[in-house]
Amino acid sequence: QVQLVESGGGLVQPGGSLRLSCATSGFTFAQYGMSWFRQAPGKDRELAALISVTGDTKYTDSVKGRFIISRDNAKKTVDLEMNSLKTEDTAIYYCKVPNFSTWGQGTQVTVSS
């Protein structure tokens, strides 16, 4: 059974940084790409970042140059380093295995002064 547990969210001022982490279990982590989605208040959930099994990364335009997705196959975790945060980054952040339908509980990120 695929399980995803996100952590690391919180309240941060504009321009600040946060690092999110997703602990995974129930599948062979190294064999799957991973992703981070986010859902802002009143908006649809959107894909923020992807990382392939080989470490190739892709980002949605709004976070390019500010967010970095990384993975640790030994720990079975995927992280999202978020820098130069903006108020519009406020959302619940979820990690997801693109191949599976499972969602974790998400972690709230609030960017506000």
Side-chain angles (χ1 to χ4, degrees):
Q1 181 180 358
V2 173
Q3 291 191 326
L4 307 166
V5 180
E6 302 92 343
S7 62
L11 173 64
V12 63
Q13 292 186 343
S17 298
L18 278 176
R19 188 178 184 95
L20 308 182
S21 188
C22 175
T24 74
S25 62
F27 63 104
T28 307
F29 182 82
Q31 294 182 0
Y32 290 90
M34 293 295 299
S35 61
W36 280 95
F37 281 74
R38 65 184 184 178
Q39 186 166 19
K43 295 189 176 181
D44 292 336
R45 198 169 295 186
E46 66 167 356
L47 176 64
L50 283 167
I51 186 166
S52 73
V53 295
T54 57
D56 294 331
T57 58
K58 291 184 179 180
Y59 301 91
T60 191
D61 286 346
S62 60
V63 309
K64 279 181 184 176
R66 300 188 299 120
F67 289 13
I68 301 171
I69 187 172
S70 60
R71 64 187 298 154
D72 186 326
N73 288 345
K75 295 182 179 179
K76 299 181 182 180
T77 58
V78 57
D79 288 359
L80 186 68
E81 180 181 340
M82 306 186 297
N83 302 304
S84 301
L85 283 162
K86 305 175 181 180
T87 55
E88 52 262 43
D89 295 318
T90 295
I92 300 174
Y93 285 73
Y94 303 86
C95 71
K96 190 178 185 297
V97 190
N99 306 69
F100 303 134
S101 60
T102 303
W103 293 93
Q105 84 288 348
T107 186
Q108 176 70 50
V109 172
T110 302
V111 185
S112 175
S113 56

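Note that the numbering runs from 1 along the sequence shown for the chain.
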- [ ] Quick one: sort the F27 and Y32 rings into parallel, tilted or perpendicular, breaks at 30° and 60°.
- [x] perpendicular

Open item on the list: Can you confirm whether S35 sits close enough to L47 that some side-chain heavy atom of one is under 4.5 Å from a side-chain heavy atom of the other?
Closed with: yes

- [ ] To the nearest 0.5 angstrom, please state how far the OG atom of S113 sits from the CD atom of Q13.
- [x] 7.0 Å

Open item on the list: Quick check against the 3.5 Å criterion: does S17 have a side-chain atom that pairs as donor or acceptor with the backbone of N83?
Closed with: no

Open item on the list: Taking the side chain as everything from C-beta on, heavy atoms only, tell me whether R66 gets closer than 4.5 Å to K86.
Closed with: yes

Open item on the list: Let me confirm one number: the OG-CG distance from S112 to D89, rounded to the nearest 0.5 Å.
Closed with: 12.5 Å

Task: T87 (side chain) donor-acceptor with V111 (main chain) under 3.5 angstrom - done: no

- [ ] Answer yes when D61 and K64 have at least one side-chain N-carboxylate O distance shorter than 4.0 Å, and no when they do not.
- [x] yes

- [ ] Tell me whether F100 is reachable from I69 by hopping between hydrophobic residues (I, L, V, M, F, W, Y) whose side-chain heavy atoms are closer than 4.5 Å.
- [x] yes

Open item on the list: Restricting to non-hydrogen atoms, name the atom on L50 and the atom on P98 that form the minimum distance, rounded to 0.1 Å.
Closed with: CD2-CG, 4.3 Å

TODO: Measure up the F67 and Y93 rings against each other and bin them: parallel (under 30°), tilted (30 to 60°), perpendicular (over 60°).
DONE: tilted

Open item on the list: Contact between T90 and Q108 at the side-chain level, heavy atoms closer than 4.5 Å - yes or no?
Closed with: yes

- [ ] Could you tell me whether the side chain of I51 reaches within less than 4.5 Å of the side chain of V78, counting heavy atoms only?
- [x] yes

Open item on the list: Please check: side-chain N/O of S52 versus main-chain N/O of T54, any donor-acceptor pairing under 3.5 Å?
Closed with: yes

Task: Heavy-atom pair of closest approach, residues V53 and G33 - done: CG1-N, 3.7 Å

TODO: Please determine, by modelled atom types, if D79 and S21 share a side-chain donor-acceptor pair under 3.5 angstrom.
DONE: yes

Open item on the list: Within 45 degrees of the ring normal and closer than 6.0 Å to the centroid, is that where the cationic atom of R38 sits relative to Y94?
Closed with: no

TODO: Any salt bridge (charged side-chain N to carboxylate O under 4.0 Å, His left out) involving residues 101-113? Give me the pairs, sequence neighbours left out, ordered by first then second residue.
DONE: none

Open item on the list: Within this structure, what is the CE-SG distance for the pair M34 and C95, rounded to the nearest 0.5 Å?
Closed with: 4.5 Å

TODO: Would you confirm whether E6, through its side chain, and Q105, through its main-chain N or O, come within 3.5 Å as a donor-acceptor pair?
DONE: yes

Open item on the list: Do V97 and I92 land in one hydrophobic cluster if side-chain heavy atoms of ILVMFWY residues count as linked below 4.5 Å?
Closed with: no

Open item on the list: Less than 6.0 angstrom from the centroid, inside 45 degrees of the normal: does K96 satisfy that with respect to the ring of W36?
Closed with: no

Open item on the list: Return the CD to NZ distance between E88 and K43, rounded to the nearest 0.5 Å.
Closed with: 8.0 Å

Open item on the list: Is there a side-chain contact between K58 and D56 in this structure, where contact means two heavy atoms from C-beta onward sitting under 4.5 Å apart?
Closed with: no

